[in-house]
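Quick notes on the structure that follows.
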2 protein chains.
Amino acid sequence: MPKVSPVLLDEQLCFSIYSASKKFNHFYQGALAPFGLTYPQYIAMLVLWEDAPLTVHQLGDRLELDSGTLTPLLKRLEKQGWVTRVRSRTDERQVLIHLTEMATAKRDEVYQRIGQCQTLLGMSNKEIDTMMTELVTVKEQLDNVSNNRLITKKVDDLD
Amino acid sequence: MPKVSPVLLDEQLCFSIYSASKKFNHFYQGALAPFGLTYPQYIAMLVLWEDAPLTVHQLGDRLELDSGTLTPLLKRLEKQGWVTRVRSRTDERQVLIHLTEMATAKRDEVYQRIGQCQTLLGMSNKEIDTMMTELVTVKEQLDNVSNNRLITKKVDDLD
DNA sequence: TTCCAGAGTATTGTATACAATTAAATTGCT
DNA sequence: AGCAATTTAATTGTATACAATACTCTGGAA
């Protein structure tokens with residue numbers, strides 16, 4: 001075994017991102033509490049407000065979530081009156097997610113609320129852009145690398 | 001209702017971070033598969049390798065997780081032979097998490113594996129530092145703002 | 001010493017995530 | 001048309017997260 005450096009939690013980029021993600025989640029969940037939306041429910045609504053109706057699959061592509069997560073989430077949104085789930089007539093495999101009238105009516109209220117949150121965050125557009133660009137780079141690396149042999153072979157087989 | 005701008009998913013910093021966090025999670029989970037560790041289990045082990053034994057509370061402080069998450073996670077780590085959970089004799093309320101011999105023995109293997117992952121990511125230490133500094137700023141803002149009235153009052157009460 | 005407020009952990013209930021499997025519908029191929 | 005391969009959602013099982021609650025223990029006040 002070659003000499004190995006210690007791995008410290010506080011130096012891990014992954015933990016910084018994991019931790020920030022949880023804080024964002026908590027922040028938006030609190031801010032959206034008056035609407036009764038969780039963070040994942042909120043991002044689903046964002047996509048639908050952009051372009052409804054969508055199939056479960058299309059929504060999953062945008063959110064990077066599969067039906068195992070979305071099906072129960074959408075059932076909860078339906079129960080709370082935000083969306084309707086309708087089997088497509090032209091392709092019975094698909095389920096189309098439509099906005100309800102309530103969802104359409106409340107869109108601008110939510111948009112405004114989110115705008116207030118972004119103001120509270122106190123970051124300039126430039127800062128946000130910079131950070132998002134860096135994150136895109138990291139995510140691309142992670143995508144590229146996820147098919148690497150490192151994660152497909154046993155550790156013992158490595159040099 | 002004042003004029004409101006649309007909120008687009010692809011412009012949301014929170015979604016970039018949420019998405020990156022999931023990709024990191026997936027990446028490490030794959031890389032650590034030979035050890036049978038999930039990502040949260042791995043970060044728990046990182047902290048314990050730095051400074052075991054720790055109480056559940058101390059571990060939770062480092063990881064920003066509560067006993068509701070940690071108790072079952074630690075039971076799984078115990079079942080897999082990484083840690084032992086022992087009631088403190090001096091204070092029966094506390095449970096001390098100790099490393100097993102196996103955990104101590106495998107530490108450098110895991111460290112090495114993580115080192116390889118970081119190399120694969122292809123980021124310089126400078127780039128990583130920059131990004132982590134920015135993330136700290138965002139997290140501080142989120143902490144400061146989480147007690148704001150925005151998230152403690154009903155939306156109707158807002159100006 | 002007895003009682004009680006607070007600390008530490010576990011438990012319960014709800015909501016994600018995601019791999020793996022199932023089931024139904026559609027497409028493509030012959 | 002007939003049928004295998006594919007597509008799409010839903011389901012199942014495991015593992016986080018976290019709020020709220022329960023329970024036990026500890027230390028201090030009366």
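In this text the structure is predicted, and so the values were computed from the model without any measurement. In the text below, chain A, chain B and the rest are named by the order of the sequence lines, each starting its count at 1.
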Starting at atom [atom1] of [X], determine the distance to atom [atom2] of [N], rounded to an integer number of angstrom.
X       : N      : atom1 : atom2 : result
A:Leu77 : C:dA15 : CG    : P     : 11 Å
A:Phe24 : C:dT16 : CZ    : C1'   : 19 Å
B:Arg89 : D:dT24 : CZ    : C1'   : 19 Å
A:Asp66 : D:dT12 : CG    : P     : 15 Å
B:Gln80 : D:dT14 : CD    : C1'   : 12 Å
B:Tyr28 : C:dC18 : OH    : P     : 17 Å
B:Leu73 : D:dT14 : CG    : C1'   : 13 Å
A:His57 : C:dA24 : NE2   : P     : 21 Å

Can you find a side chain N or O atom of [X] that sits less than 4.0 Å from OP1 or OP2 on [N]?
X       : N      : answer
A:Thr71 : D:dA10 : yes
A:His26 : D:dA19 : yes
B:Arg76 : D:dT16 : yes
A:Arg87 : C:dA24 : no
A:Gln41 : C:dT16 : yes
A:Tyr39 : D:dA17 : no
B:Lys22 : C:dC18 : yes
A:Thr55 : D:dA9  : yes

Using a 4.0 Å heavy-atom cut-off, does [X] contact any base of the nucleic acid, only the sugar-phosphate backbone, or nothing at all?
X       : answer
B:Gln58 : nothing
B:Glu64 : sugar-phosphate
A:Thr90 : sugar-phosphate
A:Leu70 : nothing

Starting at the 5' end of DNA chain C, which residue's closest nucleotide do you reach first, B:Gln94 or A:Asp91?
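Its nearest nucleotide lies further toward 5', so the answer is B:Gln94.
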Minimum-distance nucleotide to B:Pro40 side chain [options: C:dT16, C:dT9, D:dT16]
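From the listed options, D:dT16 comes nearest.
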A:Thr69 side chain, from C-beta outward: closest of D:dT16, C:dT26, C:dA17
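So the nucleotide nearest the side chain must be C:dA17.
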Taking the nucleotide of DNA chain D with the nearest heavy atom to each, does A:Lys75 or B:Thr38 sit closer to the 5' end?
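The residue closer to the strand's 5' end, by nearest nucleotide, is A:Lys75.
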Taking the nucleotide of DNA chain D with the nearest heavy atom to each, does A:Tyr18 or B:Arg93 sit closer to the 5' end?
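Its nearest nucleotide being more 5', the pick is A:Tyr18.
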With a 3.5 Å distance limit and no angle check, can you tell me whether [X] reaches the backbone of [Y] through a side-chain donor-acceptor pair?
X        : Y        : answer
A:Gln29  : A:Tyr39  : yes
B:Thr69  : B:Leu65  : no
B:Trp49  : B:Ala103 : yes
A:Arg113 : A:Ala31  : yes

With A:Ile97, which of A:Val86, A:Val83, A:Thr55 fulfils side-chain contact (heavy atoms from CB on, under 4.5 Å)?
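Among the candidates, only A:Val83 passes.
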Heavy atoms only: give me the nearest A:Glu64-B:Lys23 pair and the separation to one decimal.
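Distance-wise, the nearest heavy atoms are OE1-NZ, 3.2 Å.
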